[in-house]
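Here the structure is a predicted model, which means the values were calculated and not measured.
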Amino acid sequence: MTRTFYTRLIFLTILSLFFRLTWGQLSVENSWKIGENNTSQGTYLKTALSAYYQTENYAFNSQLQVDAINPQKRTLSGFLVNATRKTFSQKIPLSLSAQYLLLPFSTTLRESNFSLMAKGRAKGFSYTLGINFRTYAYTQQAVEDYNIEQQRLHENWGIIYQLGYTYISQREHWNVGLLLTNYDDFLINQDMNHFWRLKGQFKVSKKIQLYTECNYIKAGVFNSSSNYFGYYIKTGIIWHVN
Amino acid sequence: MARQLVLFLSISLVLSACDYLDFKGMVITYTDVDERFDASVAWNDANPSRNLLSGKDDYSFFIISDSHLGGTVNINKVYADAIAKNGKGVIMIGDNCSGNKTDYDMLANVVEQHSTIPSYLLVGNHDLYFEGWEHFYTYFGSSTYSFSIKTPDASDLFIMLDTGGGTLGKLQLQWLKDLLATERKNFRNCIILTHNNILRSRYTVSTLPMQEEVKVLLDLFLQHNVNYCFTGHDHQYDTFTFGNTHYVVSDAIKDGYKKASYLILNIKDGTISVSQQPINE
């Protein structure tokens, strides 16, 4: 991926922040993620900028993630675009999303991931079920430098899931929830690698929301031989522009 | 309410009574991977090296996985084949037994009976069940180590990694990075063996390492020219290439398994080739 490509990605995301149509809602989110795991060589710190645009039936989202502290010393570490068709009807309380995720891990390796997800809510419970198609690829520069025999590997038909319960306050000013999932905005684990998320959200005003999440990750759970892997705390602010 | 309580208690009773699967391991970590690594390093420092000398340039190793003792018919067949064909050693890449002491006693007996050929073992997830690490360590020592085989032509490096808990852990990962950075250049071929698969080329419910760990390993394998990575866990043979590393997933060798097979790693004229040998042929 060239600098021109990344420049265009950044431009597109910034452009989406200022895009405004009279019949849609534009929201902007900034989040910070701090954590550590068995590979991070200490604490890592990431930030993401997201733009959401939604109408009555559709929602679009693009996000950029930047690393402030990470052992790969890479700045731009994630790009995501998502399109959602909201609930079809009262009888079918599901939304359907298509998502493309690009994760430049290092100067030699990147991951791209295409996923389809169905999401729903019922009486405080939320659920997501989807499939994803992952591709690991060594960069073209790496192909030349290392004379690589096989540049890409596809992992197809991975399962994405999330199951949780959220308690919403009577006035809907705040909520708190506990979820079991294998994915986050810039992370999609294989089916058997899940983690727990405790999340709280607070409405400061009609236009501003704050949230915080604590995520705890344990490896090998479905091997019945588990071991601590890591944790991260994510906090963010959402601004509904119009 | 009473009905739900009875159901919960019944399920708990069944699960706790299982001799084969240790469900407590989903919640409790018996021994942390960093603890096992520290113990492995201490054992490596206190015991003679496992390096081998070969008078010939060409040699072979016999690699087995998921023997799940219990039964010893298949594993004995592999040892007999390895000895008959002058293999340099038998490498067992995890899930060697159930974790129970009686099965560890059986495994140690098998290895002892075939002491004319070196055996190299590491732990898989099953080996850690029922606090099995204590027994593995007593009989076999470390689960993280490297050994080399020196031929008249060159030397090859074999690295054994402990992924029994689903992760390499911080200490073992750093050890691997340091080993590759300092030693890889001194060897012709570099072969990594561990239990858990790093990647999958087809859908499987077997647990792989976390995404962050997979990518760190993929980068390391490329930068340090890891030639082969052998894994087990999946009970289904598979082979594929990514980057410049050839990945081979071994079948299970356990008694009663219809597709039981083992791998023969051949080095001939410095080049590695791997053949799959069904147990019943």
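Interface remark: Ala137(A) contributes backbone atoms only to the contact with chain B (heavy atom separation under 4.5 Å). Only the backbone of Ile188(A) comes within less than 4.5 Å of a heavy atom of chain B; no side-chain atom from C-beta onward does. Only the side chain of Arg134(A) comes within contact range of chain B, with heavy atoms under 4.5 Å apart. Interface remark: Leu168(B) contributes no atoms to any contact with chain A (heavy atom separation under 4.5 Å). For a residue to count as touching a neighbouring chain, one of its non-hydrogen atoms must lie under 4.5 Å from one of that chain's; by this rule Phe105(A) touches chain B with the side chain only. Residue Gln223(B) touches chain A through both its backbone and its side chain, counting heavy-atom pairs closer than 4.5 Å. Neither the backbone nor the side chain of Asp145(A) comes within less than 4.5 Å of any heavy atom in chain B.
With hydrogens and angles ignored, the 3.5 Å screen pairs no side-chain donor or acceptor of Thr29(B) with any backbone N or O of Asp32(B).
Classification of Arg200(B) and Asp234(B) as a salt-bridged pair fails, no side-chain N sitting under 4.0 Å from a carboxylate O. Between Asp185(A) and Lys33(A) there is no salt bridge, since none of the side-chain N atoms of the basic residue sits less than 4.0 Å from a carboxylate O of the acidic one.
In plain terms, the two heavy atoms of Gly270(B) and Asn189(B) that are nearest each other are O-ND2, 3.1 Å.
Ring to ring, Phe222(A) and His194(A) are close: their centroids are under 6.0 angstrom apart.
Ranked by non-hydrogen atom pairs under 4.5 Å with chain B, the options Ile159(A), Asp191(A), Asn147(A) are led by Asp191(A).
Cation-pi check for Lys234(A) over Tyr232(A) is not met; the charged atom does not lie both under 6.0 angstrom from the ring centroid and within 45 degrees of its normal.
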